[in-house]
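Report on the following structure.
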Number of protein chains: 2
Amino acid sequence: MIKNTRRTQRGETSLTRARIVAEAIALLDTKGESGLTFRALAAALATGAGAIYFHVADKDDVLNAACDAIVAPALDAAAKGATPRERLRTIGLGLFDAIDAHPWVGTELARAPGTMPMMRIVEAVGQEVSAMDVAPATLWSGASALCSYILGVAGQNAANARLGQERGIGRAAFLDELAHRWSQLDAGTYPFTRSIAEQLRVHDDRADFLAGIDLILDGMAARRSR
Amino acid sequence: MIKNTRRTQRGETSLTRARIVAEAIALLDTKGESGLTFRALAAALATGAGAIYFHVADKDDVLNAACDAIVAPALDAAAKGATPRERLRTIGLGLFDAIDAHPWVGTELARAPGTMPMMRIVEAVGQEVSAMDVAPATLWSGASALCSYILGVAGQNAANARLGQERGIGRAAFLDELAHRWSQLDAGTYPFTRSIAEQLRVHDDRADFLAGIDLILDGMAARRSR
DNA sequence: ACCTGAACACCGTTCAAGT
DNA sequence: ACCTGAACACCGTTCAAGT
C-alpha cells in the first residue's frame, strides 16, 4: 500500500496479482481464449512478460484465478428462493448466465477439476441437495449428476460461443448453420438428429438448461418415494 | 493402391490420412494431449511436417478424425439390450469406457460441437429416447440433458486423467490427493464438500455415471405419468 | 524487492524446391 | 502428385541484468 511511491505518484498502479487477473479477464472477454498470452498481458499492463511471473505461478494460475473471479460472485448472487429446488435453479441459472457472458469460463471449468471455482460449485449444489430430503445414496449421485450436467452444458455453450467467435459469425449464426446442416442429413441413418434440427434453431438455451435440472431433480424425487 | 511402387516395394506404406490418424491416436494415448504435434507426427511417420498437410486440413482435422475413430466403433458396439433404457445404459457405458481408455476424446468432444462424433452421440441417444414413449416436449429436453450429462462426465474424467498423467501420478492417485484436500476443508464454509470427501475416494466411476443416467431417465418417466 | 527484455525451446502452418 | 525441410510468426517460461 505505501510502497511503489514513485509509480503511484504518477498515477500508475503497481503490478499486482489482482490487476493481472483483471486484465486477463478483459483480454479473454474481448479477444477470446487465444487472446490471452503473456505478451499481450504484459503489453496491456505496460510491463515486461517476465514481470508477471513475480505475481503468478504460470498461465494455468492466471486462468484459474480469472475463472474463480467470475464464478465466485455469480454463485454468491444466486442461491435465492424459498425451496432447495428453487435455489438450485437460481444457482444453475447464475452459472449459466455467467458462462454465457464469459464463454472461456466454461472451457476452463472443464479443464481444471478440484480447483477453487469447481469446489464452490460442488459445495453450492451439494448444500441444496442436502437440504432436499433425499436418501443418503442419492445425495452423492444426485449432487454429482447435477454438477456433471451443469459442466456439460457449460462446456458445450462455451464451445459454441468460441467457434462462433473464431469464424467471426457469432454463436447464434453458428447454431443456425449447424441446424441447417442437421436438417440436410440422411433421414435413414440420422432420423433423430434430422428431426430435431428445427428445435436446435428455435430453442431457448436457458429454458432447456433448466429443464435438464428439473429432470434430474424429478428423478431424485422419484427415487425418494419408492 | 498401385502407386508409390518404389515405397511399397521396400515394405513402407505410403502416407495416407488413415495412417496419420492412427499415428495421432497412438501419440495421444501414449504421450497425452500435449504429445500430439506435427513434428512428432512427422517423425513417427518418417516424413516431413509439411507432408501431413497434403492429407489433412489442420490439427483440428486430425484431432476430430482421431476422436471419431474412437467414438464410432464404441457406439456401434454398444446399443445392446431389450429396452430403450437398457440400450441407453450400454451406449453411455460404451462411451464412458472408450473415454476412460482415451481421455483426450473427452477433451476433444467438449471442444467441437456439431462434428461427426458429436452427431453420432446425439443420434444414438436420441433414437433410444424416441423409442421411450415420452411426451414430445420431453424428447428434446431429455435427449439434450442426457447428452450434456454424458459430455460433462466425459470432460471431468478426461481432466482427471490428464492432470494425473501430467503430474506423473495417475488418475487414481490424483483423486486420492483431491479427496484428502477436500477432507481438510473448513467445515463451516464447505460442509458438503468436506462430508463427501470419503465418497470421492471410494466411489465407482462407472456406477456413479450410470446412476446419473438413471436419474435423468427417472425424471423423464415421472414427467410422462403426470 | 521488483521489474526488464532478450533468449530458449518449443508450437502450427506455409511454401519454394525437389522427385 | 506428392514430399521435403527450412522459414515464419508465434507461444510459455526463464534468467541475467538492472533499479
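Values below: all heavy atoms of this structure, side chains included; hydrogens, waters and symmetry mates excluded. Fair warning: this is a prediction, and the values are worked out from it, not measured in the lab. Chain letters run A, B, ... following the sequence lines, proteins first, then strands; residues in each count from 1.
Checking A:S148 against B:Q156 by side-chain atom types alone, no donor-acceptor pair falls below 3.5 Å. Neither side chain, B:S183 nor B:E198, offers a donor N or O lying under 3.5 Å from an acceptor on the other.
Residues from residues 26-39 of chain A lying near DNA chain D, meaning a heavy-atom separation below 4.0 Å, are A:L36, A:T37, A:F38, A:R39 in numerical order.
Formation of a donor-acceptor pair under 3.5 Å by the A:R194 side chain with backbone atoms of A:L185 is found in this model.
Here the P atom of nucleotide C:dC15 and the CD1 atom of B:I52 are 17 Å apart, to the nearest Å. Protein atom CG of A:L63 is 11 Å distant from nucleotide atom P of D:dT13, rounded to whole Å.
Legend: residues meeting salt bridge (Lys or Arg N to Asp or Glu O under 4.0 Å) with A:D208, ordered by chain and number and at least two apart, are absent. In this structure B:D60 satisfies the salt bridge (Lys or Arg N to Asp or Glu O under 4.0 Å) test together with B:R111, sequence neighbours excluded.
When both pairing distances are held under 3.5 Å, C:dC3 makes no Watson-Crick or G-U pair with any nucleotide shown. Base-pair partner of D:dA9: not found among the strands shown (Watson-Crick or G-U wobble, both distances under 3.5 Å).
Comparing B:G50 and A:K59 along DNA chain D, the residue whose closest nucleotide (by nearest heavy atom) sits nearer the 5' end is B:G50.
Between B:Y53 and B:F38, the ring planes lie parallel to each other; the angle is under 30°, not in the 30° to 60° tilted range.
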